[in-house]
Amino acid sequence: MLHHIIGRLSLGGLLARAAGAAALLGVFGGAASAVTVPILVADVDSGRVIYSQAPTDPWFPASITKLMTTYVALDLVRQGRASMDTLITISPNAAAEPPSKMGFKPGTQLTLGNALKIIMVKSANDVAFAIGESLGGSIDNFAAMMNDSARRIGMRDSRWTNANGLPDPQQWTSARDMAILARALIRDFPDDHDLFSISAIQFGGAVIPNHNGLLGRYPGTDGMKTGFICSGGFNVVATATRGGRRIVAIVMGQPSARERDVKTADLFDYGFAQDGGNGPGLDALPASSSAAPPDMRPYVCGGKKVPAIDEGPGAVSASATTAAQLVGGAAASSPSLALAAFSSPGMRARTLPPRAPLQPVAVWIGRSPTEGQQILAQQAAEAQAAAANVRAARLEAAKARREAALAKRQAAQAAAKEAAAQKQAAKAAAKASGGVPHSASAYTSSESASMPEAKPGKGLTKAKDAAKPAAHKPPGKGVAKPAAAKPAVAKPVAAKPAPKPAKKAAAKSDD
């Protein structure tokens, strides 16, 4: 078999791709600050480790936290302290949790059974928060229950502070602990394992597919849960069964949902090719030297748009060359060969086949589907009425704005008409008074002094002669006496003409 491996990959190719193996399966950062992401493959029945990488390093869990929430809830049902029909109430604090969420209004109630289906498929943070509040009395109390249950089943590396996995620097887990939790869920609650393999839920008219991109795409996948936050990257706890043998794979800190799913599928192929009986037990894995989880935000979300949580549709069938064919059984004791095989160009280009048709499971609010339909109908009617009120208010506001604008225009037009009328009246008054008012600065006053006298010149009489009254000038030589001074006397027709001196005086006056 080893000759078969070398024939396909050549020893030189294996060595040349050794550095690329870490990048594919998960080493981020430069030499000074490298981050090795946790990866673990184990046999569910025996608990034996098939492959591991940083298995006990602390890591931010994101929504795989909801597996711990589900374990506590199912344990309470097993103890008789709750039932699948117990009503979970959405509080204002639960409704305020950020997405992913269902968006239920405060006061909405749903059964615990429906709530668990919703958090496993939709990964709804508001519903997970409500489970913690309703079953624990408060989130702090429920977190204490999570920590107690984790210690009891052997999880040594986990610290829990909330029920939904939203970012909290004090909440972390490890790949080893999540493998222990997966085995405990399968072992302790065999009748509820279908909860983790639901391909989609149907709420009202909406069909919501599971975020787990392996379900319906990798043959034999039967659970469990995915998770994503920028600080932790894309995580998954997945189980698959083949030939009666079940394997659990934990992959954390991946840069995208597609890479997470493809690498998990490759690990399944590798794991099923091994006998599963030679590795150490989960309890035998050494403790980590890391005191706290690394922050993966710079590698996953730094300087770019936050990646989408949903993986989207798969389009291309998987390559015929799988990790099991490349590595075979001879690589069980040679992780370096396995890593080199995973880093091959064929693996990097690989995608999963399209998802099988969804088989939605119905969920509802209230105690029963009938009650849920009634509540939804009532909410729809209320929403329709509220929308109608909003439309009516907007129309009324628009009408008020139009009327205000019209009134403003009419006032402006009236003011303009009044100003024109006043101007016209002022003109009429000025015309009626025969002149321009004294106060009009643009015109000369009617009482202003007359034009200055012109200097005597040719053809003009002296101004002083004209200014002196004739009555005070004594008669002189060459000046005729005024005709008015002589009484009118009738003379005969043969009277002599006027004397010549009078004629000369008249001529002198014309000069």
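Numbers here are sequence positions counted from 1. Owing to the predicted nature of the structure, the values given are computational and were not obtained by experimental measurement.
Judged purely by atom type and a 3.5 angstrom limit, S199 has no side-chain atom pairing as donor or acceptor with the backbone of L215. Proximity of a side-chain donor or acceptor of S134 to a complementary backbone N or O of I131 within less than 3.5 Å is not detected. No donor-acceptor pair closer than 3.5 Å links the side chain of D157 to the backbone N or O of S174. Put simply, the side chain of N114 gets close to the backbone of W364: a donor and an acceptor are under 3.5 Å apart. Using modelled atom types, no side-chain atom of E97 and backbone atom of A95 make a donor-acceptor pair closer than 3.5 Å. Without hydrogens or angle criteria, R48 side chain to G279 main chain gives a donor-acceptor distance under 3.5 Å. Not a single donor-acceptor pair under 3.5 Å links the side chain of Q53 to the backbone N or O of T36. Using a distance-only test at 3.5 Å, with no hydrogens or angles considered, no donor-acceptor pair links the side chain of N235 to the main chain of T226. In this structure a side-chain-to-backbone donor-acceptor pair under 3.5 Å is present from Q274 to Y270. Of the possible donor and acceptor atoms, none in the side chain of S149 sits under 3.5 Å from a partner among the backbone N and O of M146.
Taken to the nearest 0.5 Å, the CD1 atom of I88 stands 4.5 Å off from the CG atom of L135. In this structure, CZ on F272 lies 4.0 Å from CD1 on I247, to the nearest 0.5 angstrom. Distance CD1/I139 to CG/N164: 7.0 Å, rounded to 0.5 Å. Expressed to the nearest 0.5 Å, how far CG of N212 lies from CD1 of I198 amounts to 12.0 Å. Taking CD of Q384 as the reference point, atom CG of N389 lies at 11.0 Å (rounded to 0.5 Å). Considering CD1 of I186 and CG of L181, their distance stands at 9.5 Å, rounded to 0.5 Å.
Applying the ring pair (Phe, Tyr, Trp, His ring centres under 6.0 Å) test to every pair with at least one member in residues 78-126, sequence neighbours left out, gives these pairs: F104-F203. Screening residues 157-196 for ring pair (Phe, Tyr, Trp, His ring centres under 6.0 Å) gives Y71-F189, H193-F196 as the qualifying pairs, with residues at least two apart or on separate chains.
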Side-chain atoms of residues 366-378: list all donor-acceptor pairs with protein atoms under 3.5 Å, sequence neighbours left out, distances to 0.1 Å.
from : atom 1 : to   : atom 2 : distance (Å)
S368 : OG     : E371 : N      : 3.2
E371 : OE1    : R367 : N      : 3.2
Q378 : NE2    : E382 : OE2    : 3.3

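You'll find the side chain of L40 stays beyond 4.5 Å of the side chain of M178, heavy atoms only. Considering only heavy atoms from C-beta on, K122 stays 4.5 Å or farther from I119 through its side chain. Contact check for L214 versus L352: side-chain heavy atoms found under the 4.5 Å cut-off. Residues N125 and F129 have side chains not in contact (no heavy-atom distance under 4.5 Å, counting atoms from C-beta outward). Between V44 and T241 the shortest side-chain heavy-atom distance does not fall below 4.5 Å. Between W59 and M296 the shortest side-chain heavy-atom distance falls below 4.5 Å. M102 is listed as a side-chain neighbour of I208, based on a closest heavy-atom distance under 4.5 Å. Contact check for D188 versus R78: side-chain heavy atoms found under the 4.5 Å cut-off.
Looking only at atom types and distance, the side chain of Q170 has no donor-acceptor partner in the side chain of T161 under 3.5 Å away. Judged by distance alone, the side chains of T56 and S288 never bring a donor and an acceptor atom under 3.5 Å apart. Checking D295 against S231 by side-chain atom types alone, a donor-acceptor pair falls below 3.5 Å.
The shortest non-hydrogen separation linking A249 to T264 is CB-CG2, 4.0 Å. Closest non-hydrogen pair, S52 versus V49, comes out as CB-CG1, 3.8 Å. Of all heavy-atom pairs spanning P58 and A291, the tightest one is CG-C, 4.4 Å. A pairwise comparison of heavy atoms in Y218 and A240 identifies CE2-CB, 4.4 Å as the closest pair. For F228 against V300, the heavy-atom pair with the smallest separation is CE1-CG1, 3.8 Å. Smallest separation of non-hydrogen atoms from D283 and R156: O-NH1, 3.6 Å.
Take D222 and apply the salt bridge (charged side-chain N to carboxylate O under 4.0 Å, His left out) test, not counting sequence neighbours, and it matches R246. For S123, the side chain to side chain donor-acceptor pair (under 3.5 Å) partners at least two apart in sequence or on another chain are S63, K66, K225. Residues meeting the salt bridge (charged side-chain N to carboxylate O under 4.0 Å, His left out) test with R409, sequence neighbours left out: none.
Heavy atoms from other residues, nucleotides or ligands lying under 6.0 Å from CZ of R152 number more than 12.
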Item to check | Residues M224, V248; criterion side chain to side chain contact (heavy atoms under 4.5 Å, CB included); working and verdict | outcome: CA-CA 9 Å; M224 288 196 161; V248 59; over 6 Å; no
Checklist entry - side chain to side chain contact (heavy atoms under 4.5 Å, CB included) between I90 and L110: does it pass, once the steps are laid out? => result CA-CA 8 Å; I90 304 295; L110 67 163; 4.3 Å; yes
Next on the checklist: Evaluate D261 against R258 for salt bridge (Lys or Arg N to Asp or Glu O under 4.0 Å), listing each step before the verdict.
Outcome noted: CA-CA 5 Å; D261 297 342; R258 188 195 68 81; over 6 Å; no
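Looking at K263 and D266, no side-chain N of the basic residue comes within less than 4.0 Å of a carboxylate O on the acidic one, giving no salt bridge.
The side-chain contact (heavy atoms from CB on, under 4.5 Å) test with L112 singles out one residue from V77, L76, D85, and that residue is V77.
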